[in-house]
Protein chains: 2
Amino acid sequence: MLTTIPITEMSPRCSTCSLGQLCLPVGMSQQDLEKMDTLVQDRVRVRKGETLYRLGDPLTAVYAIRFGTLKTHLTMEDGRSQITGFHLPGEVVGLDGLGEMQHASDATALEDTEVCMVRFGDLQTLSNVLPSLQHQFMRLMSKEISQDQVMLITLGSMRAEERLAAFLINLSERLSARGYSASEFVLRMSREEIGSYLGLKLETVSRLFSRFAEAGLIQIRQRHVKLVDMAGIKQIVNKSC
Amino acid sequence: MLTTIPITEMSPRCSTCSLGQLCLPVGMSQQDLEKMDTLVQDRVRVRKGETLYRLGDPLTAVYAIRFGTLKTHLTMEDGRSQITGFHLPGEVVGLDGLGEMQHASDATALEDTEVCMVRFGDLQTLSNVLPSLQHQFMRLMSKEISQDQVMLITLGSMRAEERLAAFLINLSERLSARGYSASEFVLRMSREEIGSYLGLKLETVSRLFSRFAEAGLIQIRQRHVKLVDMAGIKQIVNKSC
DNA sequence: CGAGCCTTTGAGTTTCCTCAACCTGAGTGG
DNA sequence: CCACTCAGGTTGAGGAAACTCAAAGGCTCG
């Protein structure tokens, strides 16, 4: 199902990738960057709805997103499931499985997506000659912990409208960092997926979008959103309840 | 305020520490274990209510708990605060700050606590000659990510009574792994702190404890809890809502 | 152009929160 | 040693937020 695309002489490499400043190579010297070029030997194409890895799969690699969007999600024994993250180009997924060398969640494409496969073995080998890579990996994992903890506060202490406002701001900032518009974008996920991520029901999400639109904070038509009054949206998040 | 206790010849070391099978040395050979003994040069005593580190403090070390209990908590700009974790002996705190080399949360003692200070510089040096240490660190960080993600499901999709039941089971298992009774223990945290961790108000936590007790699932008197009907408690968590 | 999914909106219900009063136990000082 | 204080905990009543169930409309994709 998944299409693997071998890297050829002509393929773009880490050293020339436009996502460099968001992805693994952050802060590396040109010299280190060139060593990185051997790290990614394959790319994987994941079509919309397909799964890159599943909970419990043996972990052979982690994946840096080249383009597209992934969701990571977790299903409990009793069938309840929750989305734990939406991932944009330049982000690395699979880090949660490094401990047990088994993936600790599922990763599914929300649109046609391509990822760079970073084999764990190669990663270890290269880390030995490239200490900055090791440090960079630690940074990524630590950042993921911090982000999850911010999400814990979001779920634990924010009301529904604050959560949704925080979600829009977060998405806006991340898209903006990737060169897209901060104020106008397409949601790659359904209302139900947003709800799952935010601990809300899809109807609640839909109602809130309508309410935000009515209040003149956003314009929304299907999955196309325009943030009209950014200050107003930020105010929703900050007004402590 | 914090008392630092230098390690002497007579102090217990990693190679002889009874927490070895829960802490950094998990799965290390005797040979590797002895190299570990140089890693911890100081211990720190944190009295009840004192803070080991705060959000934004420069990170010089991470800390393995020797005895006692810590909470890690995060306060947002608007003053809202949430507990992101309770930490028992053998657990390592401070990992969330490794990315930015600044602590990403506050860590406060719930009772008199002693931690082993693992200086980051020493850690890096030793990692070079002790690859299993590096791997172990990755395991710890990755485990923390997975745990946070389980907590995200807890906050995002469980009802109040399920959250509290899950909390009791989790605590019971962790205490049991440390040689304490799985069925009878003392809560080191207040109702308010439990509520903060679980995204509930203290009154809700108190009511639920009373209801659990009334249903014969637990006995509770102040902070002393006895899990009477473990199967019943587990059933509460699993009955999907 | 039809099927199926996604989304919106309404009505009624449940859950948990808020506010408030009161209780309990540990520590303190007269 | 006892009364007092104060933080932590319990319990009740009422209300707000979000959920459930339901119905209908709109898009997308084959």
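Below, chains carry the letters A, B, ... as their sequence lines are ordered, and counting in each starts from 1. Heavy-atom basis, side chains included; hydrogens, waters and symmetry copies ignored.
Here C/dC6 presents its P atom at 13 Å from CD1 of A/Ile194, a figure rounded to the nearest Å. Across the protein-nucleic acid pair, A/Arg221 atom CZ and D/dG25 atom C1' stand 13 Å apart, rounded to whole Å. Atom NZ in A/Lys48 sits roughly 11 Å away from atom C1' in C/dC6 (whole-Å rounding). Straight-line distance from the CD atom of B/Glu192 to the P atom of C/dC17: 13 Å, rounded to whole Å. Regarding A/His224, its NE2 atom lies at a distance of 18 Å from the C1' atom of D/dT28, rounded to whole Å.
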Scan the side chains in residues 201-209 of chain B for donor-acceptor partners under 3.5 Å anywhere in the protein, sequence neighbours excluded, and list what turns up.
none

Name each donor-acceptor pair under 3.5 Å that joins a side chain in residues 147-156 of chain A to protein atoms two or more places apart or in another chain, with its distance.
| unit_1 | atom_1 | unit_2 | atom_2 | d |
| --- | --- | --- | --- | --- |
| A/Thr154 | OG1 | A/Val150 | O | 2.9 |

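Sorted by first then second residue, the salt bridge (Lys or Arg N to Asp or Glu O under 4.0 Å) pairs that include residues 217-229 of chain A, not counting sequence neighbours, number zero. For residues 81-94 of chain A, the pairs satisfying salt bridge (Lys or Arg N to Asp or Glu O under 4.0 Å) are A/Glu91-A/Arg174, A/Glu91-A/Arg178, with sequence neighbours left out.
Side-chain polar atoms of B/Thr72 and B/Ser105 form no donor-acceptor pair below 3.5 angstrom.
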So if I define the base as every atom that isn't primed, P, OP1 or OP2, how would nucleotides 10-19 of chain D read as a B/S/- string at a heavy-atom cutoff under 4.0 Å?
BBBB---SSS
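Not counting sequence neighbours, B/Ser18 has no partner by the side-chain contact (heavy atoms from CB on, under 4.5 Å) test. Here B/Arg43 pairs with nothing under the salt bridge (Lys or Arg N to Asp or Glu O under 4.0 Å) rule; sequence neighbours left out. With sequence neighbours excluded, the residues that form a side-chain contact (heavy atoms from CB on, under 4.5 Å) with B/Glu173 are B/Ile169.
Phosphate contact (OP1/OP2 of C/dT7, side-chain N/O of A/Arg223, threshold under 4.0 Å): present.
Bending across the helix from C/dC1-D/dG30 to C/dG30-D/dC1, expressed as the angle between its end axes from five pairs apiece, amounts to 40° (10° rounding).
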